[in-house]
Amino acid sequence: MKRFAVWSAVLVLLTPGWAHCQFGVIGTSSTRSATGPNNSHKLAYHSEMLFPAWDTVTLVFQSNNTIYLAVSGNGEINPWQVPVALYPGADPAITCGSNNERQLVWQMLDTAGGRLNIFYCNLEYRNRMVPVNVSTTSQDCFHPDVYGDSLGVAHIVWEENEGTGRRVYYRQANVNGVIGERFAVASALTSAWALPAIEKFNNGIAVVWAHCDSTQNPPVYKIMRRRQLNGVWQPEEVLVEHNEPLNRPALDFGTEGEDFSGCWEMVVSGNSEVQFYGGNGGGYPTAGVSTAPVVSTVGRVWSYLFWEEDSAGNEDINTHFYYFMTGWTQSSIRRFFSINAPIYAPSCLGALAVWTQGDSAPYQVMWGFFDYAVGTPDQTRVRRAGEGFTTIVRDRLVLPAGVNTKPAAGGLVLSDIAGNRVLKLKPGFNDVSRLAPGVYFIRSSDRWQRVVIIR
């Protein structure tokens, strides 16, 4: 069945420190929570810059028991290409390793065994790679997540039925279809959904999952973590324990040099709230039901927190943004963009978020870019025609084709916040590793673009 994307974009003024944001429609889905569940990473990116109009960002979501893929970087008018169908299945997750290969995992029916298993494919070799069954079990499996390393190896976790409960498993896979040994990350069964998530942080790979021991009265709930350091699995850790439900853990997308950060739901006196662990803290109490949290941090400078919120009967996604110079700013996506329809299932990558929207099928799959706050005098200006967005880089600044095509007199240059020229720029890759971290500007005759260098 053909899918047609409807495009729109809105620019709004945010609170001080959050300059401008933009949103639009990527496509449609038959699934109310097409961009969920929150344990798996739905977004992956190729470049170090995180603005969807010019960077290659990949989104995976589900509709009609089919996995769809959408790619950004198509230009400012239509930032996203029309979604394309990949495979039958549900609950996709994607990662882009430091070798720039996109690794996809999802749940799909194994026709030979008649069970729901977890499958893997390296999307860069999709035309000549047959999807690989990585769970290889006679039991039903659910809710996969994946992390891709610099060697092109996919590190995959999922939950698996085992009679009286579910257990979390881990396995490696590569583009040649070679899979490693199955490893039981969780020593004990959980009597509820485990929803495992995996990511790499400073001190190695981390896996988190939800655990419920219903044999105790009252049941005991835990958010568990297990780390792999230098290829060796460490003992399981309890991040939090409670006699009321703990559920739906998720992990940050793991920028280089970042400490561990994650989030989960916690019921407090009968009311569901979200809690954030690391990532500069964050979150705030609400009067309604808070669920499905996700977090995205960029070093120790920015944090972007999103979760489903049903206070006052409005199905919304609350936001809590952090910038180290201005602190926390709270709002909601419906308020940002004056949206009247209910919205669900957030996922995020840096300042980019996606969600599902609508009262009934077909639902819209949406994107929103919230920009990166910087402490400059023009931090609260609405974007005018010809102005650019903030770019986050570490060692390399990439100038994509079509951007800044009219350099100012003297050539295209990078200037510091005082207006001093610090580097002459060229199309393609520019080495900025010798420049001090901070805010810089690319200026041309008809536009400007902020560049933030972080380490």
Side-chain angles (χ1 to χ4, degrees), residues 36-41 143 145 147 157-159 165-168 170 184-229 233-254 258-297 300 303-309 318 320 322 328 346-348:
N38 68 309
N39 76 294
S40 58
H41 294 84
H143 303 138
D145 195 20
Y147 154 72
V157 292
W158 68 91
E159 64 179 84
R166 298 176 178 87
R167 195 187 305 272
V168 175
Y170 162 90
V185 177
S187 60
L189 295 176
T190 176
S191 55
W193 293 118
L195 286 161
I198 187 170
E199 188 52 84
K200 180 183 183 298
F201 297 99
N202 260 341
N203 51 2
I205 297 172
V207 179
V208 297
W209 68 95
H211 175 78
C212 173
D213 183 357
S214 61
T215 64
Q216 300 193 45
N217 189 18
V220 174
Y221 300 89
K222 301 175 183 177
I223 299 296
M224 305 294 297
R225 177 176 68 179
R226 193 165 189 178
R227 290 181 287 186
Q228 186 191 89
L229 304 179
W233 286 100
Q234 307 301 303
E236 297 169 61
E237 306 169 77
V238 179
L239 293 182
V240 61
E241 181 175 335
H242 206 264
N243 59 3
E244 292 195 80
L246 294 162
N247 197 14
R248 299 180 77 166
L251 287 178
D252 199 348
F253 74 99
E258 183 183 325
D259 295 329
F260 176 86
S261 54
C263 49
W264 53 80
E265 297 173 9
M266 180 176 185
V267 175
V268 180
S269 300
N271 183 57
S272 179
E273 296 288 357
V274 293
Q275 294 194 335
F276 293 85
Y277 186 105
N280 303 315
Y284 54 91
T286 68
V289 178
S290 305
T291 60
V294 289
V295 56
S296 181
T297 63
R300 299 181 183 276
S303 283
Y304 295 84
L305 281 53
F306 303 87
W307 64 90
E308 285 189 27
E309 182 63 36
N318 275 9
H320 207 191
Y322 172 83
W328 289 96
S347 189
C348 59

CH2-OH distance between Trp158 and Tyr170, expressed to the nearest 0.5 angstrom:
10.0 Å
Please test Tyr284 against Asn318 for side chain to side chain contact (heavy atoms under 4.5 Å, CB included), starting from the C-alpha separation and ending with a verdict.
CA-CA 10 Å; Tyr284 54 91; Asn318 275 9; 3.2 Å; yes
Once you round to the nearest 0.5 Å, how far does CD of Glu236 lie from OG of Ser187?
3.5 Å
Between the side chain of His143 and the main-chain N/O of Glu159, is any donor-acceptor distance below 3.5 Å?
no
Roughly how far, to the nearest 0.5 Å, is the CD atom of Glu309 from the OG1 atom of Thr286?
3.5 Å
I need the minimum non-hydrogen distance between Val294 and Cys348, along with the two atoms involved.
CG2-SG, 3.8 Å
Close side-chain approach of Phe306 and Asn38, heavy atoms under 4.5 Å:
no
For the CH2 atom of Trp307 and the CD atom of Glu273, what is their distance to the nearest 0.5 Å?
9.0 Å
Side chain to side chain contact (heavy atoms under 4.5 Å, CB included), that's the test. Do Val208 and Leu239 meet it? Break it down for me.
CA-CA 9 Å; Val208 297; Leu239 293 182; 4.2 Å; yes
Phe201 side chain near Asp259 side chain, heavy-atom distance below 4.5 Å
no
Locate the shortest heavy-atom distance separating Tyr221 from Leu246; write the atom from each residue and the value.
O-CD1, 3.3 Å
Side-chain (Asp252) to main-chain (Thr297) donor-acceptor, under 3.5 angstrom
yes
Do Arg225 and Phe260 form a cation-pi contact, if we require the NZ or CZ to be under 6.0 Å from the six-membered ring centre and within 45 degrees of the ring's axis?
yes
Main-chain N/O of Asn202 paired with Glu258 side-chain donor or acceptor, under 3.5 Å
no
Rounded to the nearest 0.5 Å, how far does OG of Ser261 lie from CG of Leu251?
7.5 Å
Closest non-hydrogen atom pair, Pro249 against Ala210
CG-N, 3.8 Å
Please report the shortest heavy-atom distance between Val157 and Pro196, naming the atom on each side.
CG2-CB, 4.0 Å
As a test of understanding, state which of Ile223, Val185, Ile198 forms a side-chain contact (heavy atoms from CB on, under 4.5 Å) with Trp209.
Val185
When rounded to the nearest 0.5 Å, the distance separating CG of Asp213 from NZ of Lys222 is 7.0 Å
Leu189 and Arg167: which non-hydrogen atoms are nearest, and at how many Å?
CD2-NH2, 3.5 Å
Least distance between heavy atoms, Ser290 atom then Ser272 atom:
O-OG, 2.7 Å
Step-by-step side-chain hydrogen bond (donor to acceptor under 3.5 Å, both in side chains) determination, Asn39 to Asp145:
CA-CA 7 Å; Asn39 76 294; Asp145 195 20; 5.4 Å; no
Would Arg166 and Trp193 count as a side chain to side chain contact (heavy atoms under 4.5 Å, CB included) if you check the C-alpha gap in whole Å, the side-chain angles of each, and the deciding distance to 0.1 Å?
CA-CA 7 Å; Arg166 298 176 178 87; Trp193 293 118; 3.4 Å; yes
Would Arg248 pass as a cation-pi partner of Trp264, given that its NZ or CZ must be under 6.0 Å from the six-membered ring centre and within 45 degrees of the axis?
no
Derivation and outcome, side chain to side chain contact (heavy atoms under 4.5 Å, CB included), residues Met266 and Glu244:
CA-CA 7 Å; Met266 180 176 185; Glu244 292 195 80; over 6 Å; no
Would you call Val220 and Cys212 a side-chain contact if the rule is heavy atoms closer than 4.5 Å?
no
Could you go through the ring pair (Phe, Tyr, Trp, His ring centres under 6.0 Å) check for Phe253 and His41 one step at a time?
CA-CA 7 Å; Phe253 74 99; His41 294 84; 8.0 Å; no
Do the non-hydrogen side-chain atoms of Asn247 and Leu195 ever get within less than 4.5 Å of each other?
yes
